[in-house]
Every structure is written in structure tokens, then in C-alpha cells.
Amino acid sequence: MIISIIIIFVYKYSIGLVLPFDPKTLWPSGTWIEILSIIPASLDAYCFQQNTFPIYASLKPRNTKTMKKAAFNGIFCAFTTYMITGILGVAMYGTEIDDFILKYFRQDIDQNRGDKFLCAVCFASMLGFFISAILGFPFFFLAYRRNTSSLILFIKNKLFKQEEEKKDDE
């Protein structure tokens, strides 16, 4: 999704659809109470306690050092993703952006129906996000992951076995 956001931004910038950008929009504005009220939501975005066991179970070797490294990498990737999404979202849609960026991708599709590339990338981004949302959480559970990989291997072996049998028959 982050790759598609970057592609959409670069494309919209190249054809002149990006709004004029004021760097002042990157600084907090509002009262101190409004600014402080977003801290719990921001911290919640970095919390992944429900994923601690699946992450730890998949580490090799399993120890505190590798878990700290995994946690640091996860927080760094989340921070980078949030920052890129936020900055490019404000750059593309202005300070009026007040919702999830996929809502604005839908508006791009509606407003630019003749632009096949923009519509395709926006749609692919939306589709990719929803597939990730549906499959992402279940794949953290080890049993689901093992069963899915076993199913894929089973199907792969059956398909390749049939192809090999056809070659042997020839």
C-alpha cells in the first residue's frame, strides 16, 4: 500500500494534481488540549501486544535480544509508514483530510474516470489493503500459517506431479 501511495503521489505531482504545499502544515496546530488528545491514539498505533507471542514464536534464536530487535524494526517500519502516509496524504489532499486515505483514493477514482493509470493504482491499493486486512491477522496465528503453507505445498505437489506424469507418459 505504501508503494502505491508513493506511486499515486508521484503521478499526481507529475500531472499537476497535487495541491500547493505549505510546510507549516507539518507542525502541530490547535490548542494544547487538542494536541495532547491525540497522544493515546498515536501510542495505540504502535502497540502490538496481541502479536507478541506469534512474533516471538517465529524468531530464531528465541531470546530477548532478537525480540528487542524485532520490536525495534516493527516500530521503525510502523513509524516510517505512518509518516509517509501522513505527509503524502496532506500533500495530495490538503489539510481538509480528515479520514482514512482510502476514502480519498475512492474520490480520485470517481473524479478521474478517464485516467486509467490513476484509477488502476488507486483500486489496486484499496484491494491490497482489504486483502491484507482480511488475511493479515489470521496469519499471525502459527496454526493457521502452518495449515495454509501445508495446503499450498499440497496443491503445488499435486499440480507438478500431474505434469511430471504427463511427461513420463509421452
- Name all residues meeting the salt bridge (charged side-chain N to carboxylate O under 4.0 Å, His left out) criterion together with K69; count only those two or more places apart in sequence or in a different chain, and write none if there are none. none
Spacing of [X] atom [atom1] and [Y] atom [atom2] [to the nearest 0.5 Å]:
{"X": "I84", "Y": "F79", "atom1": "CD1", "atom2": "CZ", "result": "10.0 Å"}
{"X": "K103", "Y": "R106", "atom1": "NZ", "atom2": "CZ", "result": "12.5 Å"}
{"X": "I75", "Y": "T80", "atom1": "CD1", "atom2": "OG1", "result": "11.5 Å"}
{"X": "F72", "Y": "K68", "atom1": "CZ", "atom2": "NZ", "result": "13.0 Å"}
{"X": "S132", "Y": "L127", "atom1": "OG", "atom2": "CG", "result": "11.0 Å"}
{"X": "Q107", "Y": "D110", "atom1": "CD", "atom2": "CG", "result": "7.5 Å"}

Looking at every non-hydrogen atom in both residues, tell me the closest pair between [X] and [Y] and how far apart they are.
{"X": "I8", "Y": "C122", "result": "CD1-SG, 3.6 Å"}
{"X": "Y104", "Y": "F100", "result": "CD1-O, 3.6 Å"}
{"X": "A70", "Y": "L59", "result": "CB-CD2, 4.1 Å"}
{"X": "F105", "Y": "S125", "result": "CE1-OG, 3.4 Å"}
{"X": "A91", "Y": "V18", "result": "O-CG1, 3.2 Å"}
{"X": "I2", "Y": "T81", "result": "CD1-O, 3.8 Å"}

Taking atom [atom1] of [X] as the centre, does the number of heavy atoms from other residues, nucleotides or ligands within less than 6.0 Å exceed 12?
{"X": "I15", "atom1": "CD1", "answer": "yes"}
{"X": "F123", "atom1": "CZ", "answer": "no"}
{"X": "L151", "atom1": "CG", "answer": "yes"}

- Message: Once salt bridge (Lys or Arg N to Asp or Glu O under 4.0 Å) is applied, what residue pairs with a partner in residues 2-12 remain, sequence neighbours excluded?
- Response: K12-D108
Hydrophobic cluster membership, with links at side-chain heavy-atom distances under 4.5 Å among I/L/V/M/F/W/Y: are [X] and [Y] in one?
{"X": "I131", "Y": "I134", "answer": "yes"}
{"X": "I33", "Y": "I35", "answer": "no"}
{"X": "L159", "Y": "L153", "answer": "no"}

- Task: Report yes if some heavy atom in the side chain of Y11 is under 4.5 Å from a heavy atom in the side chain of V121; otherwise report no.
- Result: no
- F117 versus I7: any side-chain heavy-atom pair under 4.5 Å? yes
- Message: Between I5 and M92, is the side-chain contact (heavy atoms from CB on, under 4.5 Å) condition met? List the steps.
- Response: CA-CA 10 Å; I5 289 172; M92 285 189 287; 4.2 Å; yes
- Query: Can you check whether R62's main-chain N or O pairs, donor with acceptor, with T66's side chain at less than 3.5 Å?
  - Reply: no
